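The model shown is predicted, which means the values in this text are computed figures rather than measured ones.
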Amino acid sequence: MISFLCKPRLASRRSLPISSDTIFKHTSQMAQSAVDEVSETGAFTRSASSFRNIISRDPNSSFPAEPGRYHLYISYACPWASRCLSYLKIKGLDNAISFSAVKPKWERTKATDEHMGWVFAASDSEEPGAAPDHLNGAKSIRELYELASISYSGKYTVPVLWDKKLKTIVNNESSDIIRMFNAEFNHLAENPALDLYPPHLQAQINEINEWVYDGINNGVYKCGFAKKQGPYDEAAKQLYEALDKSEKILSKQRYLCGNTLSEADIRLFVTLIRFDEVYVVHFKCNKKMLREYPNLFNYTKDIYQIPGMSSTVNMEHIKRHYYGSHPSINPYGIIPLGPGIDYSSPHDRGRFSS
């Protein structure tokens with residue numbers, strides 16, 4: 001799906017199916033955060049996720065969809081984790097799957113090395129929105145990876161879908177997790193009729209996901225983490241071509257796949273909600289702001305106002321993470337004051353039938 005940095009060595013206590021797509025090339029040391037994933041050309045190249053087990057509604061599967069068995073570890077700052085939380089909320093899975101959030105700003109994950117990453121709050125009152133790891137007593141997301149695989153050498157990313165029974169990571173790939181939340185827990189969901197990946201739209205959703213991911217979701221990172229002008233220029237060009245394409249589609253219909261909310265919309269939303277607050281400044285995506293796209297801007301407000309969605313957006317966590325965790329981009333960690341957009345304000349998307 002993307003280009004890779006190195007070859008992982010996974011000698012896990014438990015079965016971790018790894019496809020040939022997860023074999024990394026080019027360097028001998030695994031990148032341990034996204035800011036490390038820059039090739040010799042100066043271009044950002046995101047590596048693949050390693051834990052790809054699947055939860056199934058089949059009670060005889062290795063990971064059956066059982067109430068209370070699974071826990072979702074997230075960061076409110078991370079768009080990939082936030083789309084998983086979005087599914088948990090709009091599908092009504094709160095009573096079936098627990099979740100908790102890490103602190104927004106990266107900190108040292110071990111005293112013995114310099115790795116900076118996601119850490120848990122020391123107490124329930126230390127950081128609003130963040131919590132300690134009450135399940136495993138881990139101090140960082142890194143510790144969860146090391147608990148699941150004694151010689152794991154990859155990135156310590158969120159989301160993490162954790163199996164409380166087997167005490168291991170089931171999956172850390174958000175695109176897998178949202179599909180599981182959409183279909184495999186319907187017998188436990190409060191909103192089982194909501195299908196964000198219906199059979200008749202799957203081909204269209206897959207096609208949209210491809211260019212939205214490359215141009216927008218990952219595109220802002222390719223702009224922000226580029227270390228040479230050429231890769232930045234190319235990423236910015238692709239980003240605004242994809243935004244222009246989205247704006248044109250949304251001038252004719254309420255959502256990306258017509259007048260039905262789908263997976264494609266949730267995947268796009270998590271980048272749009274961060275765009276003006278973070279990516280315009282921090283990732284140098286300043287050719288045009290979201291607010292200058294009337295359809296995209298109102299579309300973002302429309303999705304934000306879906307019941308449950310606003311609770312997945314913690315803008316304080318978002319801004320504190322990006323501006324405070326990338327010293328190579330923002331060495332003094334100064335957080336811009338604005339723009340403070342009110343996404344709960346009225347929108348015009350009701351002009352399309354739904």
Side-chain angles (χ1 to χ4, degrees), residues 76-80 82-83 85-87 90 174-175 178 196 201 204-224 232 234-310 312-315 318-319 322 336 338-354:
Y76 284 108
C78 173
W80 321 104
S82 293
R83 66 190 190 186
L85 182 60
S86 297
Y87 267 68
I90 64 178
S174 63
S175 61
I178 61 175
L196 296 168
L201 291 179
Q204 186 180 5
I205 289 170
N206 292 342
E207 187 270 329
I208 291 172
N209 285 348
E210 185 173 348
W211 60 262
V212 166
Y213 170 80
D214 189 53
I216 301 176
N217 298 144
N218 201 43
V220 293
Y221 284 87
K222 291 191 288 186
C223 291
Y232 165 79
E234 179 60 27
K237 177 177 179 289
Q238 292 177 355
L239 167 65
Y240 281 97
E241 287 175 350
L243 288 172
D244 290 345
K245 182 175 182 177
S246 301
E247 175 73 4
K248 184 176 180 180
I249 292 171
L250 294 170
S251 70
K252 302 172 183 177
Q253 57 198 41
R254 188 163 187 171
Y255 303 112
L256 289 174
C257 292
N259 290 322
T260 301
L261 181 74
S262 75
E263 176 187 292
D265 299 300
I266 304 302
R267 289 171 59 121
L268 177 58
F269 169 81
V270 295
T271 300
L272 298 182
I273 197 72
R274 291 160 172 77
F275 201 85
D276 284 7
E277 297 281 0
V278 173
Y279 301 144
V280 167
V281 176
H282 190 60
F283 282 171
K284 305 177 185 68
C285 302
N286 64 346
K287 181 182 177 182
K288 196 172 181 179
M289 295 184 293
L290 177 68
R291 287 166 289 169
E292 297 177 81
Y293 287 101
N295 292 296
L296 276 169
F297 183 47
N298 280 280
Y299 164 86
T300 304
K301 292 194 287 185
D302 187 11
I303 295 178
Y304 177 84
Q305 293 171 33
I306 293 170
M309 285 297 294
S310 63
T312 72
V313 180
N314 186 322
M315 197 57 71
I318 291 169
K319 294 179 72 171
Y322 283 98
I341 300 167
D342 179 11
Y343 287 98
S344 65
S345 62
H347 61 79
D348 66 0
R349 305 302 287 172
R351 71 183 192 270
F352 299 107
S353 60
S354 61

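Scanning all heavy atoms of the two residues, the minimum distance from Ala264 to Ile205 falls at N-CG2, 4.2 Å. Across all their heavy atoms, Ile208 and Cys257 have their closest contact at CD1-SG, 3.7 Å. What you find for Thr300 and Phe269 is that their closest heavy atoms are O-CE1, 3.5 Å. Residues Ile90 and Pro307 share a closest heavy-atom pair of CG2-O, 3.6 Å.
Every residue two or more places apart in sequence or in another chain that forms a side-chain hydrogen bond (donor to acceptor under 3.5 Å, both in side chains) with Lys237 is listed here: Glu241. Gln204 is linked by a side-chain hydrogen bond (donor to acceptor under 3.5 Å, both in side chains) to nothing, counting only residues two or more places apart in sequence or in another chain. For Phe283, the ring pair (Phe, Tyr, Trp, His ring centres under 6.0 Å) partners two or more places apart in sequence, or in a different chain, are Tyr221, Phe225, Tyr279, Tyr322. Listed by chain and residue number, Asp214, Lys222, Glu234 satisfy the side chain to side chain contact (heavy atoms under 4.5 Å, CB included) test with Gln238 (two or more places apart in sequence, or in another chain). Every residue two or more places apart in sequence or in another chain that forms a side chain to side chain contact (heavy atoms under 4.5 Å, CB included) with Asn298 is listed here: Lys301, His347, Asp348, Arg349. Partners of Tyr76 by ring pair (Phe, Tyr, Trp, His ring centres under 6.0 Å), not counting sequence neighbours, listed by chain and number: His317. Partners of Glu277 under the salt bridge (Lys or Arg N to Asp or Glu O under 4.0 Å) rule, at least two apart in sequence or in another chain, are Lys319. Residues passing the salt bridge (Lys or Arg N to Asp or Glu O under 4.0 Å) test with Asp265, sequence neighbours excluded: none. Not counting sequence neighbours, the partners of Glu292 by the side chain to side chain contact (heavy atoms under 4.5 Å, CB included) test are Lys288, Met289. Shown here are the side-chain hydrogen bond (donor to acceptor under 3.5 Å, both in side chains) partners of Tyr304, two or more places apart in sequence or in another chain: there are none. Scored by the ring pair (Phe, Tyr, Trp, His ring centres under 6.0 Å) test, His282 finds Tyr323, His326 as partners (sequence neighbours excluded). Remark: Ser86 pairs with Ile266, Met309, Thr312 by the side chain to side chain contact (heavy atoms under 4.5 Å, CB included) rule, at least two apart or across chains.
Put simply, CD on Gln305 and OG on Ser310 are 9.0 Å apart, with the number rounded to the nearest 0.5 Å. Summarising the geometry, atom OH belonging to Tyr299 is positioned 11.0 Å from atom CZ belonging to Arg254; distances are rounded to the nearest 0.5 Å. Between atom CD1 of residue Ile318 and atom OG of residue Ser82 there is a gap of 6.0 Å, rounded to the nearest 0.5 Å. Atom OG1 of Thr271 and atom CG of Leu290 lie 11.0 Å apart (nearest 0.5 Å). Asn218 CG to Cys223 SG: the interatomic distance, rounded to the nearest 0.5 Å, is 10.0 Å. Expressed to the nearest 0.5 Å, how far CG of Asp276 lies from CG of Asn286 amounts to 11.0 Å.
Looking at heavy atoms from C-beta onward, Ile249 lies out of side-chain contact with Asn295 at the 4.5 angstrom threshold. The shortest distance between side-chain heavy atoms of Leu261 and Leu196 falls below 4.5 Å.
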### Task
Using the side chain to side chain contact (heavy atoms under 4.5 Å, CB included) rule, take Ile178 and Arg267 through it: C-alpha gap first, then chi angles, then the decisive distance, then the call.
CA-CA 10 Å; Ile178 61 175; Arg267 289 171 59 121; 4.3 Å; yes

### Task
Go through Phe275 and Leu296 one step at a time and tell me if the side chain to side chain contact (heavy atoms under 4.5 Å, CB included) criterion holds.
CA-CA 11 Å; Phe275 201 85; Leu296 276 169; over 6 Å; no

### Query
Please walk me through it: do Leu250 and Tyr293 pass side chain to side chain contact (heavy atoms under 4.5 Å, CB included)?
CA-CA 10 Å; Leu250 294 170; Tyr293 287 101; over 6 Å; no

#### Entry: Worked verdict on Tyr343 versus Val313 for side chain to side chain contact (heavy atoms under 4.5 Å, CB included)
CA-CA 10 Å; Tyr343 287 98; Val313 180; over 6 Å; no

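For Gln253 (side chain) and Leu256 (main-chain N/O), a donor-acceptor pair under 3.5 Å exists by modelled atom type. Using modelled atom types, no side-chain atom of Arg83 and backbone atom of Pro79 make a donor-acceptor pair closer than 3.5 Å. Between the side chain of Tyr240 and the backbone N or O of Cys285 there is at least one donor-acceptor pair closer than 3.5 Å.
Aromatic ring orientation, Tyr213 versus Trp80: tilted (interplanar angle from 30° to 60°).
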